[in-house]
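Okay, structure first, notes after.
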Amino acid sequence: MKEDSIKASLVKTRDGSFTLHHPLIGATYHSTHGAVQESMHVFIEQGLFFVAERQKQIKILEMGFGSGLNALLSRLTTESRLPKHHLFYEGIEAYPLALETIAAYPLPPELSVWQTAFMELHQSPWGQAFSWGRQMIVKKHCCQWQAFWASYTFDLIYYDAFAPSAQPELWDAASVQKLHALTHPGSVVVTYCAQGAFKRLLKATGFQVEALPGAPGKREMTRAVRL
Ligand SMILES: C[S@@+](CC[C@H](N)C(=O)[O-])C[C@H]1O[C@@H](n2cnc3c(N)ncnc32)[C@H](O)[C@@H]1O
């Protein structure tokens with residue numbers, strides 16, 4: 001797949017952090033109620049910490065790598081609060097962001113010390129695993145979710161696709177079958193999305209589904225554990 005780069009515009013969200021607007025799909029990368037707040041709540045608090053309670057080596061797959069904010073929050077959380085954990089983090093992205101967009105993406109002041117690491121994450125080549133900090137190995141895949149495959153399974157999936165209203169094809173039965181194929185019993189899938197049809201598909205495909213309180217501005221989010 002050709003690594004065309006997307007120039008996305010900045011949008012300030014209500015917690016003061018910024019998100020981006022995808023020019024082709026016409027959607028924002030995070031909740032406009034608060035980008036960092038949403039990522040911390042959905043992926044870190046309800047995903048990473050949940051799995052970290054039972055294991056110290058965690059294979060994470062992120063569908064929709066985007067700005068790399070979830071990867072950055074995973075790294076800083078692991079380094080500050082999970083000193084004995086190691087993450088093997090893979091991210092899938094069909095529309096890589098232009099480096100100039102990333103360079104202009106303002107991290108919140110409390111994350112500004114991570115600016116160099118953030119650029120390293122984005123400058124690293126696609127398709128090659130690399131050590132990113134003491135506790136994390138990262139591999140970014142430039143491909144469509146629909147074309148992604150792995151010969152092993154993941155402990156935790158951050159399912160961070162654009163909303164079903166923007167990209168219904170990423171929330172259909174084929175996508176849920178793929179989530180099943182990329183996980184093992186006990187694996188966890190977290191997403192900000194609480195759509196009923198998606199949750200029914202997860203249940204029908206062999207996941208136990210929990211509706212948890214959503215990030216500020218959203219009533220619910222979804223956590224699914226593979227049976
Ligand atoms: C909600 S945004 C993800 C935000 C990201 N996790 C972040 O923290 O910035 C959805 C992402 O999925 C990507 N995407 C859209 N369609 C895709 C597809 N079919 N396969 C892989 N990635 C896709 C978009 O380019 C975008 O980066």
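All ligand and atom numbering here is 1-based and tracks the order in the structure. What you see is a predicted model, and the numbers here were worked out from it, not measured in a lab.
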Only distances under 3.5 Å count here; give the side-chain donor-acceptor pairs of residues 97-105 to other protein atoms, sequence neighbours excluded, each with its distance to 0.1 Å.
| unit_1 | atom_1 | unit_2 | atom_2 | d |
| --- | --- | --- | --- | --- |
| T101 | OG1 | A8 | N | 3.4 |
| Y105 | OH | F18 | O | 2.5 |

Do any side-chain atoms of residues 181-194 form donor-acceptor pairs under 3.5 angstrom with protein atoms, and if so which ones, sequence neighbours left out?
| unit_1 | atom_1 | unit_2 | atom_2 | d |
| --- | --- | --- | --- | --- |
| T183 | OG1 | L179 | O | 2.7 |
| T183 | OG1 | H180 | O | 3.0 |
| T183 | OG1 | R226 | NH1 | 3.4 |
| H184 | ND1 | T153 | OG1 | 2.8 |
| H184 | ND1 | S187 | OG | 3.4 |
| H184 | NE2 | D155 | OD1 | 3.2 |
| H184 | NE2 | S187 | OG | 3.2 |
| S187 | OG | F154 | O | 2.7 |
| S187 | OG | H184 | N | 2.9 |
| S187 | OG | H184 | O | 2.9 |
| T191 | OG1 | Y159 | O | 3.0 |
| T191 | OG1 | C193 | N | 3.2 |
| Y192 | OH | A161 | O | 2.6 |
| Y192 | OH | A163 | N | 3.1 |

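The closest side-chain donor-acceptor pair between E90 and H141 falls under 3.5 angstrom. In the model, E62 has a side-chain atom that pairs as donor or acceptor with a side-chain atom of N70 under 3.5 Å.
Look at E169 and you'll find every heavy atom at least 4.0 Å from all atoms of ligand 1. For the pair F148 and ligand 1, no heavy-atom separation below 4.0 Å is found. Every heavy atom of L97 sits 4.0 Å or more from the atoms of ligand 1. Heavy-atom separations between C143 and ligand 1 include at least one value shorter than 4.0 Å.
Under 4.0 Å from ligand 1, the heavy atoms of L170 that appear belong solely to its side chain. Proximity of F65 to ligand 1, defined as any heavy-atom pair under 4.0 Å, is confined to the backbone N, CA, C and O atoms.
Here atom 13 (C) of ligand 1 lies nearest to E93 when heavy atoms of E38, H141, E93 are compared. For atom 16 (N) of ligand 1, the choice among Q167, M63, Q146 with the nearest heavy atom turns out to be Q167.
Taking the centre and axis of the six-membered ring of W132, the NZ or CZ atom of R75 falls inside the cone set by 45° and 6.0 Å.
Of the polar atoms of A161, none of the N or O atoms is found under 3.5 Å from an N or O of ligand 1, judged by distance alone. Taking distance alone, with nitrogen or oxygen atoms compared against 3.5 Å, Y29 stays at or beyond that limit from ligand 1. Here's the thing with I25: none of its N/O atoms is less than 3.5 angstrom from an N/O atom of ligand 1. The shortest N or O to N or O distance between H30 and ligand 1 is under 3.5 Å.
Proximity of a side-chain donor or acceptor of Q135 to a complementary backbone N or O of L82 within less than 3.5 Å is detected.
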> Given the rule in the side-chain contact (heavy atoms from CB on, under 4.5 Å) test, do L170 and F162 qualify, once you have shown the distances and angles that lead to the verdict?
Replying inline: CA-CA 8 Å; L170 295 178; F162 285 127; 5.9 Å; no

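Looking only at side-chain heavy atoms (C-beta outward), L87 and S74 come within less than 4.5 Å of each other.
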